[in-house]
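Report on the following structure.
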Amino acid sequence: MAPGPFSSALLLPPPAALSFLLLLWAGASHGQPCPGRCICQNVAPTLTMLCAKTGLLFVPPAIDRRVVELRLTDNFIAAVRRRDFANMTSLVHLTLSRNTIGQVAAGAFADLRALRALHLDSNRLAEVRGDQLRGLGNLRHLILGNNQIRRVESAAFDAFLSTVEDLDLSYNNLEALPWEAVGQMVNLNTLTLDHNLIDHIAEGTFVQLHKLVRLDMTSNRLHKLPPDGLFLRSQGPGPSRPRHSR
Ligand SMILES: *[C@@H]1O[C@H](CO)[C@@H](O)[C@H](O)[C@H]1NC(C)=O
């Protein structure tokens with residue numbers, strides 16, 4: 001009998017080790033091998049790659065470009081380079097939470113036209129520039145909480161103004177936001193801005209945001225709310241508010 005692809009696996013006695021190797025081989029059979037210590041699942045049509053807590057210092061180059069879900073949580077990635085996610089046109093869900101990302105190259109996500117969710121929370125971003133999130137024309141969830149963001153350029157969200165549903169910028173150092181851009185996010189239902197230094201919301205920001213159901217501005221520097229229909233509705237006649245002393 002000719003030696004098959006499993007011949008080396010047959011030398012290993014425990015059946016568990018054998019099936020593990022078979023699994024790895026099956027995962028690799030359609031494309032590139034799974035990068036070391038990552039877990040790759042290829043359950044058609046969804047190719048998933050999980051590389052959490054694997055000590056990564058950068059995004060591994062050997063990722064199958066057809067990946068649909070990619071989780072790189074809890075590593076030490078410091079920069080997102082232009083080539084890291086190039087050609088990943090099927091990617092729907094990208095998680096980069098809890099790394100040390102301080103730099104994102106211009107156009108780093110430009111090929112991710114199918115991406116619906118981008119998690120960049122708990123990193124070291126200091127700003128969001130106009131060219132960094134370019135190309136994300138299908139984005140629904142953008143999670144940027146717990147960074148050190150001081151500035152968001154007015155064009156930063158342009159690619160997904162009409163698709164984004166959930167924007168989280170909580171726990172940053174923002175004093176202001178490009179309110180005109182926020183005002184164009186007609187599908188926004190959750191805006192999370194708590195724990196920043198925001199002292200002002202531009203008048204009329206919420207006029208077109210008919211789907212907004214949750215706005216968190218806790219722990220900012222607002223002294224008054226803008227004269228906006230959204231706030232008039234939420235403060236207007238309705239069930240009486242609970243009192244402290246009864
Ligand atoms: C992306 O695709 C282009 C065109 O097919 C190719 O030249 C390039 O090497 C690819 N880049 C990566 C990182 O796969």
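Just so you know, these numbers use all the heavy atoms, side chains as well, and skip hydrogens, waters and symmetry mates.
- Counting non-hydrogen atoms of neighbouring residues, nucleotides and ligands closer than 6.0 angstrom, the CD atom of Gln208 reaches no more than 12 such neighbours.
- The hydrophobic cluster containing Ile201 also contains Met185, counting ILVMFWY residues as joined when their side-chain heavy atoms lie under 4.5 angstrom apart, directly or transitively.
- Leu144 has its side chain within reach of Leu125: a pair of non-hydrogen atoms, C-beta onward, lies under 4.5 Å apart.
- The distance from the NE2 atom of His119 to the CG atom of Leu72 is 12.5 Å, given to the nearest 0.5 Å.
- Remark: side-chain polar atoms of Trp179 are not paired, donor with acceptor, to backbone N or O of Glu203 under 3.5 angstrom.
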Open item on the list: Please evaluate residues Thr73 and Leu96 with respect to the criterion side-chain contact (heavy atoms from CB on, under 4.5 Å), reporting the C-alpha separation (whole Å), side-chain torsions for both, the decisive distance (0.1 Å), and the verdict.
Closed with: CA-CA 5 Å; Thr73 316; Leu96 289 160; over 6 Å; no

Open item on the list: What verdict does the salt bridge (charged side-chain N to carboxylate O under 4.0 Å, His left out) test give for Arg129 and Glu153, after you've listed the backbone C-alpha separation in whole Å, the side-chain angles of each residue and the deciding distance to 0.1 Å?
Closed with: CA-CA 5 Å; Arg129 291 195 314 270; Glu153 284 187 3; 5.5 Å; no

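- Inspection of the Ser170 and Asn196 side chains reveals no N or O donor paired with an N or O acceptor under 3.5 Å.
- Asp216 and Thr192 share no donor-acceptor pair across their side chains, judged by distance under 3.5 Å alone.
- In this structure, Leu174 is a member of the same hydrophobic cluster as Leu222, with clusters built from ILVMFWY side-chain heavy atoms closer than 4.5 Å.
- Side-chain atoms of Arg83 do not come within 3.5 Å of backbone N or O of Arg81 as any donor-acceptor pair.
- The CD atom of Glu127 lies 10.5 Å from the CD atom of Gln103; values are rounded to the nearest 0.5 Å.
- The closest side-chain donor-acceptor pair between Asn146 and Ser122 falls under 3.5 angstrom.
- Summarising the geometry of Gly183 relative to Leu209, their closest heavy-atom pair is O-CD2, 3.6 Å, with the distance given to 0.1 Å.
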- [ ] Test side-chain contact (heavy atoms from CB on, under 4.5 Å) on Asp194 and Ser219 and set out the steps.
- [x] CA-CA 6 Å; Asp194 57 291; Ser219 287; 5.5 Å; no

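- When all heavy atoms of Asp121 and Ser97 are compared, the closest pair comes out as OD1-OG, 2.8 Å.
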Open item on the list: As a quick check of understanding, evaluate side-chain contact (heavy atoms from CB on, under 4.5 Å) for Leu142 and Leu133, giving each step before the final call.
Closed with: CA-CA 10 Å; Leu142 178 59; Leu133 302 175; 3.9 Å; yes

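- With hydrogens and angles ignored, the 3.5 Å screen pairs a side-chain donor or acceptor of Thr163 with a backbone N or O of Leu139.
- The number of heavy-atom neighbours closer than 6.0 Å to CD of Gln41, taken from other residues, nucleotides and ligands shown, is above 12.
- One N or O on the side chain of Asn123 and one on the backbone of Ile101 form a donor-acceptor pair closer than 3.5 Å.
- Between Ala181 and Ser154 the shortest heavy-atom distance is CB-O, 4.0 Å.
- Criterion: ILVMFWY side-chain heavy atoms under 4.5 Å apart, direct or through other members. Under it, Leu120 and Leu57 are not part of a common hydrophobic cluster.
- Shortest non-hydrogen contact noted between Leu177 and Val182 is CD1-CG2, 4.3 Å.
- The two residues Thr54 and Asn75 have their closest heavy-atom pair at N-OD1, 2.9 Å.
- With hydrogens and angles ignored, the 3.5 Å screen pairs no side-chain donor or acceptor of Asn173 with any backbone N or O of Arg150.
- With contacts defined as side-chain heavy-atom distances shorter than 4.5 Å, the pair Leu112/Thr89 does not qualify.
- In this structure, Leu50 and Thr48 have side chains that are in contact, with non-hydrogen atoms separated by less than 4.5 Å.
- Within a 6.0 Å sphere centred on CZ of Arg124, heavy atoms belonging to other residues, nucleotides or ligands number 12 at most.
- Looking at every heavy atom in both residues, Ala108 comes nearest to Val80 through CB-CG1, 3.7 Å.
- Not one N or O on the side chain of Arg151 forms a donor-acceptor pair closer than 3.5 Å with the backbone of Ile149.
- Cluster membership for Ile143 and Val128, using ILVMFWY side-chain heavy atoms within less than 4.5 angstrom, is not shared.
- Residues Phe157 and Leu167 form a side-chain contact, since some pair of their non-hydrogen atoms from C-beta on lies under 4.5 Å apart.
- Taken from CG in Leu136 to CZ in Phe109, the straight-line distance is 7.0 Å, to the nearest 0.5 Å.
- Ile198 and Leu212 fall within the same hydrophobic cluster, defined by Ile, Leu, Val, Met, Phe, Trp and Tyr side-chain heavy atoms under 4.5 Å apart, directly or through other members.
- Arg140 contributes no side-chain N or O that, together with a main-chain N or O of Ala117, makes up a donor-acceptor pair within less than 3.5 Å.
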TODO: Any chance you could lay out the side-chain contact (heavy atoms from CB on, under 4.5 Å) test for Val68 and Leu91, step after step, and finish with the verdict?
DONE: CA-CA 4 Å; Val68 172; Leu91 193 59; 5.7 Å; no

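- Counting only N and O atoms by type, the side chains of Asn189 and Lys211 include no donor and acceptor under 3.5 Å apart.
- Annotation: side chain of Leu115 is not in contact with side chain of Asn138 (no heavy-atom distance under 4.5 Å).
- Annotation: ring pair (Phe, Tyr, Trp, His ring centres under 6.0 Å) contacts of His141 (sequence neighbours excluded): none.
- The number of heavy-atom neighbours closer than 6.0 Å to CD of Gln148, taken from other residues, nucleotides and ligands shown, is above 12.
- You'll find the side chain of Leu47 reaches within 4.5 Å of the side chain of Asp64, heavy atoms only.
- Atoms SG and CZ, on Cys38 and Arg71 in that order, are 13.5 Å from each other to the nearest 0.5 Å.
- Panel note: side chain Asn187, backbone Val164; no donor-acceptor pair is recorded below 3.5 Å.
- Here the side chain of Asn147 pairs no donor or acceptor atom with the backbone of Asn172 at under 3.5 angstrom.
- Met88 has its side chain out of reach of Arg66: every pair of non-hydrogen atoms, C-beta onward, lies at least 4.5 Å apart.
- With hydrogens and angles ignored, the 3.5 Å screen pairs no side-chain donor or acceptor of Asp74 with any backbone N or O of Asn99.
- Side-chain contact between Met49 and Ile63 is present, with at least one heavy-atom pair separated by less than 4.5 Å.
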